Amino acid sequence: MSREYGHASDESKSTTDGYCETHLPRPLCLSQLTFGHTGQPSVLRGLSLCLAPGERVAIRGDSGCGKSTLSELILGLWPPQQGRVSWGGADLRELDVGWWHAQIAWLPQGAPVFAGTVADNLRLGDPQASDARLWQVLSEVNLADWARQAEGLATWVGENGATLSAGQARRLALARALLRRAPLMVLDEPTEGLDVDTAAAVMQDLTVALAGRSLLVITHAPLPPGVVQRELWLRDGRLSPQAA
Ligand SMILES: Nc1ncnc2c1ncn2[C@@H]1O[C@H](COP(=O)(O)OP(=O)(O)OP(=O)(O)O)[C@@H](O)[C@H]1O
């Protein structure tokens, strides 16, 4: 890997407690990507996308069309069969995997909430975070009032958020992702299972909390205005700006 790409801090602005508040500083480009899982037809067929620094993009499309697979290729979990994923012109395969993963806060589909306290769950995102920082992020995802009325950071959360509403569980998982010091957030169905109003409220709060970070969000649900700058539809293995 080139040293040039080794240190996010070279280009990413951090606050005094080291918390990243900036976007991915170089374009992330998928060029002519083709990929199918072993023994299956290709779900991505010559797909191209360039995410500009600080851009927020939504990927929509029918179930099974390859949205999650696309996010997994961005993470480098699968190598493309044709085409390439690059950041600032460098092929993903040239980058250090650990460093690349540190640039991305990935919330996979159905991301769980774990048995433990609110603080335990949040510190999986940033083990070093101070209590003040945890309260700040709870406030960003609109969970602080609930936590104050419960037992604060010590509030017990059951396995898979059994003691939380679906919306609260999603907000807690998002807060955990926000605590990663990552300039790009890749969220796979962050509001799945929520009613329309709750989903819209969660996404609205998230947009404020992003504070300029880059976003790729995969969603079935329509997004409130202003959450993303572009919505793209994945269909027949490619992205297009229009719904089918
Ligand atoms: N790990 C895997 N191994 C084999 N096949 C897979 C794997 N992951 C996904 N697939 C297949 O690849 C295709 C695309 O799946 P993917 O999860 O990317 O779709 P999706 O658009 O995210 O769907 P949904 O909206 O239902 O989550 C599907 O046919 C699926 O069965």
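Each ligand, and each atom within it, is numbered from 1 in the order the structure gives. Note that the numbering runs from 1 along the sequence shown for the chain. Small disclaimer: the values here were computed from a predicted structure and weren't measured.
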Practice prompt. Please examine the side chains of Leu178 and Met185, heavy atoms only from C-beta on, and report whether any two atoms are closer than 4.5 Å.
Written response: yes

Worksheet item: For the residue pair Trp87 and Trp100, does the interplanar ring angle fall in the parallel (under 30°), tilted (30 to 60°) or perpendicular (over 60°) class?
Response: tilted

Practice prompt. Would you check if Ile59 and Leu239 make a side-chain contact, meaning some heavy-atom pair closer than 4.5 Å?
Written response: yes

Worksheet item: When you measure from atom 26 (O) of ligand 1 to every protein heavy atom, which one gives the shortest distance, and what is it?
Response: Ser63 OG, 2.5 Å

Worksheet, complete the sentence: Those residues at least two apart in sequence (or on a different chain) that pass ring pair (Phe, Tyr, Trp, His ring centres under 6.0 Å) with His220 are none

Item to complete: Just need the protein heavy atom nearest to atom 19 (O) of ligand 1, so name the residue and atom and give the distance.
Response: Gly66 N, 3.3 Å

Worksheet item: Considering distance alone, does some N or O of Trp78 sit under 3.5 Å from an N or O of ligand 1?
Response: no

Discussion item. Tell me whether His220 reaches ligand 1 (any heavy atom closer than 4.0 angstrom to a ligand atom).
Written reply: yes

Practice prompt. Indicate, as side chain, backbone, both or neither, the part of Val43 found under 4.0 angstrom from ligand 1 when only non-hydrogen atoms are considered.
Written response: side chain

Worksheet item: Any side-chain heavy atom of Leu187 sitting closer than 4.5 Å to one from Leu174?
Response: yes

Item to complete: Any pair with a residue in residues 195-208 that passes salt bridge (Lys or Arg N to Asp or Glu O under 4.0 Å), sequence neighbours left out, goes on the list, sorted by first then second residue, please.
Response: Arg171-Asp205

Worksheet item: Can you find an N or O of Ser68 that's nearer than 3.5 Å to an N or O of ligand 1?
Response: yes

Worksheet, complete the sentence: atom 25 (O) of ligand 1 sits nearest the protein heavy atom Lys67 NZ, 2.7 Å

Discussion item. Quick check on Gly61 - does any of its heavy atoms sit under 4.0 Å from an atom of ligand 1?
Written reply: no

Worksheet entry | Option set Glu192, His37, Gln109, criterion heavy-atom distance to atom 7 (C) of ligand 1, minimum | His37

Item to complete: Nearest 0.5 Å please: distance from the CG atom of Leu216 over to the CG atom of Leu232.
Response: 9.0 Å

Worksheet item: Side chains of Leu28 and Gln103: closer than 4.5 Å at any heavy-atom pair?
Response: no

Item to complete: For ligand 1, find out whether one of its N or O atoms is nearer than 3.5 Å to an N or O atom of Cys65.
Response: yes

Worksheet entry | For ligand 1, the portion of Asp62 having any non-hydrogen atom under 4.0 Å away | backbone

Worksheet item: If every non-hydrogen atom of Pro224 is compared with every non-hydrogen atom of Ala200, which pair is closest and at what distance?
Response: CG-O, 3.6 Å

Worksheet item: Which is it for Gln40 and ligand 1 at heavy atoms under 4.0 Å: side chain, backbone, both or neither?
Response: side chain

Worksheet item: Does Asp62 CG have over 12 foreign heavy atoms under 6.0 Å away?
Response: no

Item to complete: Measure the distance from atom 14 (C) of ligand 1 to every protein heavy atom, then report the residue, atom name and distance (to 0.1 Å) of the closest one.
Response: Gly64 O, 3.4 Å

Worksheet item: Which one holds for Phe35 and ligand 1: side chain close, backbone close, both close, or neither close, with close meaning a heavy atom under 4.0 Å?
Response: neither

Fill in: Contact atoms of ligand 1, heavy-atom distance to Thr69 under 4.0 Å
14 (C), 15 (O), 16 (P), 18 (O)

